[in-house]
2 protein chains.
Amino acid sequence: MKTIGKLAKELDINVETVRFYERKGIIVQPPRPDNGYRIYDKTHINQLKFILKAKALGFTLDEIASLMSMSGNCADVESMGLHKLELIREKIADLQRLEQVIQDMTNSCKANQDPNSCPIINSLN
Amino acid sequence: MKTIGKLAKELDINVETVRFYERKGIIVQPPRPDNGYRIYDKTHINQLKFILKAKALGFTLDEIASLMSMSGNCADVESMGLHKLELIREKIADLQRLEQVIQDMTNSCKANQDPNSCPIINSLN
DNA sequence: GTTGACTCCGTACCCATATACGGAGTTTAA
DNA sequence: TTAAACTCCGTATATGGGTACGGAGTCAAC
């Protein structure tokens, strides 16, 4: 049973962030006694830990909301994971192409003799 | 000698985007005769093409502004390219780690027998 | 019992990169 | 000559994921 400040400190996130997640409907509303203060228990903490881990895996907040609403239906979750995997692989391929291009460009810089004429700039012109 | 609409059409970008780049100081101000209309020539077109190509390489607008102000000093440009390369490689490594994690997770989904208990969800809890 | 820390709320602001809107003035084509 | 198309400007909106602010109420410690 913690107030929002304790919760935020324990999870090392901002108080405003917790309220933000609540507004977005990503976490369930905590009970609020007469004084209006939000009271969190283990359930909320676990829910927030879930969010933080999923976020670290690259899921967006909307996706995380979906994940949490799937209530453990494995096929749905797997499908979402596979979709994410596909996007990640595309992104990797994009970046690898980009890596090659920039690598080539900087190599041609190294080979260049004239410091005031840059092959990179030239190739972009 | 083109007005902004022709220019935008030729480069397949939005008129507002051209004005936006001008406001950001990324492209030079075109001359503007009595009617106030911007008049672009080949120089501006080349400048915008440069921007579009650099953007496609993943440079931010601020970085592009720097690139353009380096006036071809090769060492500076190379240094910026190498820095970008480093970031790209880090990003790739991140994504590959992520790929592995999600791959493992979806595999454990496939192996799972109970449709209402998902190993992904469980591992996040 | 007072002071400082905490919480409440609504709202505004931040980043980057644009895109959209509305009203007024200008040019162009039929 | 007139209507459509274009341009001007300033401002607002969008995205995603938060962060900050300010005034008011509440709680806890000394």
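Everything numeric here is computed off the predicted structure, so don't read it as measured data.
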Nearest to the side chain of A:Arg32, heavy atoms from C-beta on, is which of C:dG25, C:dC9, C:dT7?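 Of the candidates, C:dC9 comes closest.
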Evaluate the side-chain proximity of [Y] to [X]: yes if any heavy-atom separation is below 4.5 Å, no if none is.
| X | Y | answer |
| --- | --- | --- |
| B:Ile102 | A:Phe59 | yes |
| B:Asn107 | B:Gln103 | yes |
| B:Ile64 | B:Met68 | yes |
| B:Lys2 | B:Ile45 | yes |
| B:Met1 | B:Pro30 | no |

So, does [X] get its side chain near the phosphate of [N], meaning an N or O under 4.0 Å from OP1 or OP2?
| X | N | answer |
| --- | --- | --- |
| A:Thr3 | C:dT7 | yes |
| B:Arg38 | D:dC8 | yes |
| A:Asn35 | D:dC27 | yes |

Set out, line by line, the N/O atom pairs under 3.5 Å between protein and nucleotides 18-21 of chain D.
{"from": "D:dG18", "atom 1": "OP1", "to": "A:Lys55", "atom 2": "NZ", "distance (Å)": "3.3"}
{"from": "D:dG18", "atom 1": "OP2", "to": "A:Tyr21", "atom 2": "OH", "distance (Å)": "2.8"}
{"from": "D:dG18", "atom 1": "OP2", "to": "A:Lys55", "atom 2": "NZ", "distance (Å)": "3.4"}
{"from": "D:dT19", "atom 1": "OP2", "to": "A:Thr17", "atom 2": "OG1", "distance (Å)": "2.2"}

Residue met sooner reading DNA chain D from 5', once A:Thr60 and B:Lys6 are mapped to nucleotides: B:Lys6
Restricting to side chain to side chain contact (heavy atoms under 4.5 Å, CB included), what partner residues turn up for B:Thr17, sequence neighbours left out?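 By the side chain to side chain contact (heavy atoms under 4.5 Å, CB included) rule, B:Thr17 matches B:Asn14, B:Tyr21.
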